[in-house]
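I have placed the structure first, in the form of structure tokens, so that the comments after it can refer back to it.
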Amino acid sequence: MSLVNKFFVIILPLIPKIIIGFFSKKYIAGPTLDHAIERIKDLNKLGIMATIDILGEEIDQKADALQVVQEYKDVLAAIKKHQLDSNISVKPTHLGLKIDKMFCLENMRAIIKEAEKHQNFVRIDMEDHTCTSDTLEMYLSLKKEFENVGVVIQSYLRRTMDDIRVLVNHGANLRLCKGIYLEPKSLAYKDSAIVNLNFNYALEKLLSKGCYVGIATHDEKLLWFALSLIDKLKLKKEVYEFQMLLGVTEDLRDLLVKDGHRMRIYVPFGEHWYAYSMRRLKENPNVAVSIFKNIFSSS
Ligand SMILES: Cc1cc2nc3c(=O)[nH]c(=O)nc-3n(C[C@H](O)[C@H](O)[C@H](O)COP(=O)(O)OP(=O)(O)OC[C@H]3O[C@@H](n4cnc5c(N)ncnc54)[C@H](O)[C@@H]3O)c2cc1C
């Protein structure tokens, strides 16, 4: 990361929320479910699938987590009503993991059961390292009961290949990504070349063992490796999908779709957009730099 970019990441929290909100519009459907529905209708018209995320995390009141369960049930009903090609993504700490693991598990079960009723699918997002073991344990427990659930693994974590050895034995349905949280070096690779090598190593292991993989990256080097692997293993289009974030590398997205690959876009919506936006902006300081330039050019 350049010095200029490092500087902008440091000053990012000082930028007024209203300005962050303006620039986050690209990555977030809007504050309401209706906004998400409209964005997904447009994606579906392009032959692109979606996964809906209600923004929010780190809930510390049971009543709030129960409210989130109800909101996800409403999302599932809306997907059905509008005949959208979309599933949902849920965050364990949004469903009360930091309050009580069993409470969180019950909340997940309620959502997955509702999704099952609608023949839909639930992806459990992966949060920071304090959640990894609990999330994987909950997933494996839910997997015994339900077919329509999957989880996420992050190639920056040193433990990932060990986790994969367990997950492949359970025929896991996985989203593979690099990982977005700031983790200590003792737990996560800091060298981006190693994170990429580990992504490729993990992908090869998962696909060759027959796991369904959501290949979640915008990195063209990783996309190239994934495509070469799909070709080498002669995989059918139904056994994997590519996944990208709303508003990111739409050119690459369209190229993959044009070549007939399945593509799913992560569509976040909701009032709690600030934490999500800050993570995205820190990850891509060029956007932060453009915020700063715009502040000056408009003053
Ligand atoms: C569908 C999906 C779900 C995800 N779920 C999780 C999850 O559950 N847990 C988790 O820890 N992480 C998750 N992530 C985030 C992921 O871990 C990475 O942080 C993120 O995808 C960026 O990594 P990359 O592989 O695209 O490579 P990068 O090297 O970061 O990006 C490659 C290129 O993509 C473009 N790009 C990437 N990000 C942005 C951005 N924000 N704005 C503009 N351009 C950008 C840039 O051109 C960049 O050069 C998810 C990502 C996707 C696509």
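All ligand and atom numbering here is 1-based and tracks the order in the structure. Residue indices begin at 1 and follow the sequence shown.
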_Residue from Asp42, Ile40, Val257 passing side chain to side chain contact (heavy atoms under 4.5 Å, CB included) with Ile48_ = Val257
_Per-atom contacts, ligand 1 versus Thr249 - under 4.0 Å to a heavy atom_ = 34 (O), 35 (C)
*Shortest heavy-atom approach to atom 50 (C) of ligand 1 - which of Cys177, Gly214, Ser192*: Cys177
*Hey, is Arg159 close enough to Asp162 for a salt bridge, meaning N to O under 4.0 Å?*
no
_Atoms of ligand 1 close to Tyr266 [distance to a heavy atom under 4.0 angstrom, numbered from 1]_ = 1 (C), 3 (C)
*Would you mind checking if Arg264 and Glu241 are paired as a salt bridge, meaning a charged N to carboxylate O distance below 4.0 Å?*
yes
_Proximity of Phe242 and His261 rings by center, below 6.0 Å_ = yes
*asked:* Given Ile215, Thr217, Leu157, Leu252, identify the one with the heavy atom nearest to atom 25 (O) of ligand 1.
replied: Thr217
*Close-contact set for ligand 1 against Asp125 heavy atoms, below 4.0 Å*: 8 (O)
*Of all the atoms in ligand 1, which lie at a distance below 4.0 Å from a heavy atom belonging to Ala216?*
2 (C), 52 (C), 53 (C)
_Option of least heavy-atom distance to atom 3 (C) of ligand 1 (set: Lys221, Gln243, Lys26, Arg175)_ = Arg175
*Select the closest option to atom 2 (C) of ligand 1 among Ile180, Leu245, Val152, judged by heavy-atom distance.*
Leu245
*Given that the side chain starts at C-beta and the backbone is N, CA, C, O, which of these parts of Arg264 lies under 4.0 Å from ligand 1, counting heavy atoms, or is it both or neither?*
neither
*Can a non-hydrogen atom of Tyr27 be found less than 4.0 Å from any atom of ligand 1?*
yes
_Close-contact set for ligand 1 against Tyr181 heavy atoms, below 4.0 Å_ = 11 (O)
*Test Asn198 against Met161 for side-chain contact (heavy atoms from CB on, under 4.5 Å), laying out the working first.*
CA-CA 8 Å; Asn198 208 36; Met161 289 313 297; 3.7 Å; yes
_Test: Arg262 and Glu238 ion pair at under 4.0 Å_ = no
_Residue part near ligand 1, for Met244, under 4.0 Å between non-hydrogen atoms_ = backbone
*Indicate the atoms forming the closest heavy-atom contact of Gly214 with Gln243, along with that distance.*
CA-NE2, 3.8 Å
*Is the closest N or O pair between Leu222 and ligand 1 shorter than 3.5 Å?*
no
*Salt bridge present between Lys113 and Glu116 (N-O < 4.0 angstrom)*: no
*Can a cation-pi geometry be assigned to Lys178 and Phe199, taking NZ or CZ under 6.0 Å from the six-membered ring centre and within 45° of the ring axis?*
no
